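For ligands, and for the atoms within them, numbers begin at 1 and follow the listed sequence. Values in this document were obtained by computation on a predicted structure and should not be read as measured data.
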Amino acid sequence: MTDRLTIRRPDDWHVHLRDGAMLDHVAQYTARQFARAIIMPNLSPPVTTAEEGAAYRDRINAAVPAGLDFTPLIVAYLTDHSSPDEMARGHDEGIFTAAKLYPAHATTGSAHGVTDVAKIMPVLERMADIGMPLLIHGEVTDHDVDIFDREAVFIERTLKGLVRDLPGLRIVFEHITTSEAVDFVTAAPANVAATITPQHLHINRNAMLVGGIRPHAYCLPVAKREQHRLAVRAAAVSGSPKFFLGTDSAPHAVHTKEAACGCAGIFNAPYALESYIQVFDEEGVLDRFEGFASEHGPNFYGLPLNTGTVTLERGETLVPERVGEVVPFHAGETLGWRLAS
Ligand code: DOR
Ligand code: ZN
């Protein structure tokens with residue numbers, strides 16, 4: 001039995017670091033585990049211009065504790081009014097690594113999102129030309145579509161057309177939760193990939209709803225039936241270069257989750273690697289963990305692999321009930337792996 005695993009330093013290809021006091025609180029958890037991270041731009045107001053992106057990058061760097069080697073990769077937030085020139089300028093200047101498509105009102109901080117992808121086709125065409133990846137929150141927002149079906153319907157109504165019409169555009173289907181998404185990404189050409197969160201590997205919708213309503217298991221896209229969790233898990237551990245680590249760590253203060261209308265988002269940053277490696281261990285494929293955590297993402301983005309390593313070892317990690325004002329994923333549980341110091 002493998003009791004210690006040393007891998008190339010990993011990256012988080014999808015995280016919410018927020019701003020202000022929350023940024024100051026949470027940046028350390030991501031920076032301690034990951035060399036780089038794709039930072040989601042759904043601030044209030046969102047990060048839409050190169051200047052805003054550069055300023056946000058500087059605030060993140062200031063929030064990372066001294067001595068940690070961490071690079072935030074900044075993402076532009078697409079709106080109906082995004083301009084091809086602004087995206088290209090931000091990318092040329094090395095400020096924007098990618099741009100994020102939030103369908104308007106799909107999730108937290110998406111009120112300024114895109115109401116119809118037809119409106120941003122010129123932006124997407126320019127992104128394809130300059131090699132700037134598109135990151136997608138893949139859920140429709142139509143009121144007549146059941147919340148558990150919104151990802152699968154997005155594939156049919158929007159994603160298939162984008163992939164067909166923009167063959168040169170690198171697309172990351174973020175935080176996939178369904179067998180339909182796994183099948184779509186698997187069958188798509190090599191310019192289409194997906195990130196997978198820890199929560200969608202560990203929990204199905206029962207975790208949210210059985211024995212009482214559990215707001216800390218609520219995120220968007222919402223966890224689905226067990227058959228979908230198993231499909232997402234199989235994709236993550238498959239060794240396919242199309243699937244890679246993206247935590248979607250999304251902290252919300254406890255009182256905003258434990259409320260009559262609680263916010264979507266699961267804060268998994270503090271124990272993300274311990275959570276992911278447990279899945280690869282349970283599936284008997286620890287040898288595939290490095291690809292998922294440290295290689296598939298940079299290869300897809302066309303970025304260099306990290307140098308340096310991290311070591312995980314078998315051993316108990318007790319996850320606390322609170323990390324500051326935020327309840328972490330796995331609160332109160334004991335995980336079977338820990339980061340070796
Ligand atoms: O659960 C989520 N929380 N899903 C998202 O897409 C956004 C995120 C957030 O920013 O809180
Ligand atoms: Zn997210």
Answer yes if the side chains of Asp80 and Thr115 hold a donor-acceptor pair under 3.5 Å, and no otherwise.
yes

Atom 3 (N) of ligand 1: closest protein heavy atom, distance to 0.1 Å, is Ala264 O, 3.0 Å

Under 4.0 Å between heavy atoms, the region of Asn42 that gets near ligand 1 turns out to be side chain

**Prompt:** Is it true that Arg338 and Glu274 have a side-chain N and a carboxylate O under 4.0 angstrom from each other?
**Reply:** no

*Look only at the side chain of Glu258 and the backbone of Pro215, and say whether a donor-acceptor pair between them is shorter than 3.5 Å.*
no

Report for the Zn ion (ligand 2), protein N, O or S closer than 2.8 Å, by chain and number, lists His14 NE2, His16 NE2, Asp248 OD1

of all protein heavy atoms, closest to atom 6 (O) of ligand 1 is Thr107 OG1, 3.0 Å

Ligand 1 atoms nearer than 4.0 angstrom to some heavy atom of His137 are 6 (O)

Any heavy atom of Arg18 under 4.0 Å from ligand 1? The part involved is side chain

Any Gln199 heavy atom less than 4.0 Å from ligand 1
no

Check your understanding: Does the distance from a Lys or Arg side-chain N to an Asp or Glu carboxylate O, for Arg150 and Asp142, drop under 4.0 Å?
Key -> no

Donor-acceptor side-chain pairing of Glu316 and Thr334 below 3.5 angstrom: no

* Asked: Could an N or O of ligand 1 be found under 3.5 Å from any N or O of Ala250, whether backbone or side chain?
  -> no

* Answer yes if the ring centres of His175 and His200 are under 6.0 angstrom apart, and no otherwise. => no

Ranking Thr108, Thr256, Leu220 by closest non-hydrogen atom to atom 4 (N) of ligand 1, top hit is Leu220

Point to revise | Basic-acidic side-chain contact under 4.0 Å: Asp85, Arg126 | key: yes

One finds that the ligand 1 atoms under 4.0 Å from a non-hydrogen atom of Gly265 are 1 (O), 2 (C), 3 (N)

### Query
Given the side-chain rings of Phe292 and Phe280, with only the six-membered ring counted for Trp, is the space between their centroids under 6.0 Å?
yes

Worksheet item: Honestly, is Arg170 close enough over Tyr301, meaning NZ or CZ under 6.0 Å from the six-membered ring centre and within 45° of the axis?
Response: no

Honestly, for His252 the part within reach of ligand 1 (heavy atoms, under 4.0 Å) is side chain

Note to self: Around atom CD of Glu325, are there more than 12 heavy atoms from other residues, nucleotides or ligands closer than 6.0 Å?
What the structure shows: no

With heavy atoms and a 4.0 Å threshold, my read on which part of Cys219 contacts ligand 1 is both

Before accepting this row, confirm whether a basic side-chain N of the pair Glu282/Arg233 lies closer than 4.0 Å to the acidic partner's carboxylate O.
-> yes

